[in-house]
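Quantities reported herein were computed from a predicted structural model and do not represent experimental measurements.
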Amino acid sequence: MGINNKYKLKNNKALIIREAEPCDAKDLIQYINKVAGESDNLTFGEGEFNVNVEQEKKIIQNSLNSPRDLFLIAEVDGRIVGNLTFRSGKRPRTKHSGEFGITVLKKYWGLGIGKLLMKTLLDWAKSEGQIKKINLRVRFDNHKAIKLYEKMGFEKEGKIKRGFLVNGKFIDIIAMGICLD
């Protein structure tokens, strides 16, 4: 396991950011189901993450087996409080780039966990050397997230109309990206 970083949060709690392992599958599913009910900013909502433990173990193992994919967990007091998944393209024309998704439990918003997860991703991608572009999608009205992404060097690249459908209402998405060299 390559990444296992320790940080001190704004609330003085210790944060560990590490790569996920198959033994994390059950706890990850519980975490994801909890975070899904806390925000409408995700691509899925409460009760929509239909992955069982064996499927999640396989997802984690596939990430560990791919040199251009990354699956991070953020832990406080031994509990998962955040995660980031990065998946690269699999074909020769797209393997230089990929997209990430990130979540943090609402109780831990504003402590810098999202920023540290993204910093870990960017550091990994730069040292890994094969990833030249990282993409993300964010709701147009998620101003805090957009501000953080811009602070980390991401640029707005376009708008995707009707990218989300939440509670019967269409919501546009902003496509953002960062070039690494």
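In this structure, CD1 in Ile171 is found 13.5 Å from CD1 in Ile160, a value given to the nearest 0.5 Å. The NZ atom of Lys147 sits 7.5 Å away from atom NZ of Lys151, with the distance rounded to the nearest 0.5 Å. Interatomic distance, CG of Leu70 versus CG of Leu64, reported as 9.5 Å (0.5 Å rounding). Taking OG1 from Thr85 and CD1 from Ile102, the interatomic distance works out to 9.5 Å, rounded to the nearest 0.5 Å. The distance from the CG atom of Asn33 to the CD atom of Glu48 is 10.5 Å, given to the nearest 0.5 Å. The NZ atom of Lys34 lies 10.0 Å from the CD atom of Glu46; values are rounded to the nearest 0.5 Å.
Under the 4.5 Å side-chain contact rule for hydrophobic residues, Ile3 and Phe100 share a cluster. Residues Val76 and Tyr7 are members of one and the same hydrophobic cluster, defined by side-chain heavy-atom contacts under 4.5 angstrom among Ile, Leu, Val, Met, Phe, Trp and Tyr.
For the pair Ile134/Phe154, a side-chain contact is recorded, criterion being any heavy-atom separation below 4.5 Å from C-beta on. Considering only heavy atoms from C-beta on, Ile80 comes within 4.5 Å of Leu28 through its side chain. The shortest side-chain heavy-atom distance between Glu19 and Ser63 does not fall under the 4.5 Å cut-off.
Here the closest heavy-atom approach between residue Ile174 and residue Phe140 is recorded as CG1-CA, 3.7 Å. In this structure, Ala36 and Leu42 approach most closely via the heavy-atom pair CA-CD1, 4.0 Å. Heavy atoms only, all atoms of each residue included: Ser39 and Asn41 are closest at OG-N, 2.9 Å.
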Determine whether Asp141 and Arg139 satisfy the following criterion, salt bridge (Lys or Arg N to Asp or Glu O under 4.0 Å), listing intermediate values before the conclusion. CA-CA 5 Å; Asp141 57 354; Arg139 283 176 57 138; 2.9 Å; yes
Applying side chain to side chain contact (heavy atoms under 4.5 Å, CB included) to Ile146 and Lys156, what does each step give before you reach the verdict? CA-CA 9 Å; Ile146 292 168; Lys156 292 178 183 175; 3.6 Å; yes
As a quick check of understanding, evaluate side chain to side chain contact (heavy atoms under 4.5 Å, CB included) for Ile178 and Tyr149, giving each step before the final call. CA-CA 9 Å; Ile178 187 171; Tyr149 298 143; over 6 Å; no
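Listed by chain and number, the residues in a side chain to side chain donor-acceptor pair (under 3.5 Å) with Asn135 are Lys133 (sequence neighbours excluded). For Asp27, the salt bridge (charged side-chain N to carboxylate O under 4.0 Å, His left out) criterion is met by no residue, not counting sequence neighbours. With sequence neighbours excluded, the residues satisfying salt bridge (charged side-chain N to carboxylate O under 4.0 Å, His left out) with Lys159 are Asp172.
Without hydrogens or angle criteria, Lys90 side chain to Ser88 main chain gives a donor-acceptor distance under 3.5 Å.
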Donor-acceptor contacts under 3.5 Å from residues 51-60 side chains, at least two apart:
from	atom 1	to	atom 2	distance (Å)
Asn52	OD1	Glu54	N	3.1
Asn52	OD1	Gln55	N	2.7
Gln55	OE1	Asn52	N	2.8

Expected list for residues 108-131: side-chain donor-acceptor pairs under 3.5 angstrom, two or more places apart:
from	atom 1	to	atom 2	distance (Å)
Trp109	NE1	Val104	O	2.8
Lys119	NZ	Asp123	OD2	2.7
Thr120	OG1	Leu116	O	2.8
Ser127	OG	Asp123	O	3.3
Ser127	OG	Trp124	O	3.0
Glu128	OE1	Gln130	N	2.7
Glu128	OE1	Ile131	N	3.2
Glu128	OE2	Gln130	NE2	3.2

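Atom CD of Glu155 is surrounded by 12 or fewer heavy atoms from other residues, nucleotides or ligands within 6.0 Å. Taking a 6.0 Å sphere around NZ of Lys26, one finds it holds 12 or fewer heavy atoms contributed by other residues, nucleotides or ligands. For Arg87, the CZ atom sits in a packed shell: over 12 heavy atoms of surrounding residues, nucleotides or ligands are nearer than 6.0 Å.
Salt bridge Asp24/Arg18: present, at least one basic N to carboxylate O contact under 4.0 Å.
Among residue pairs with one or both ends in residues 31-71, those qualifying as ring pair (Phe, Tyr, Trp, His ring centres under 6.0 Å) are Phe44-Phe49; sequence neighbours excluded.
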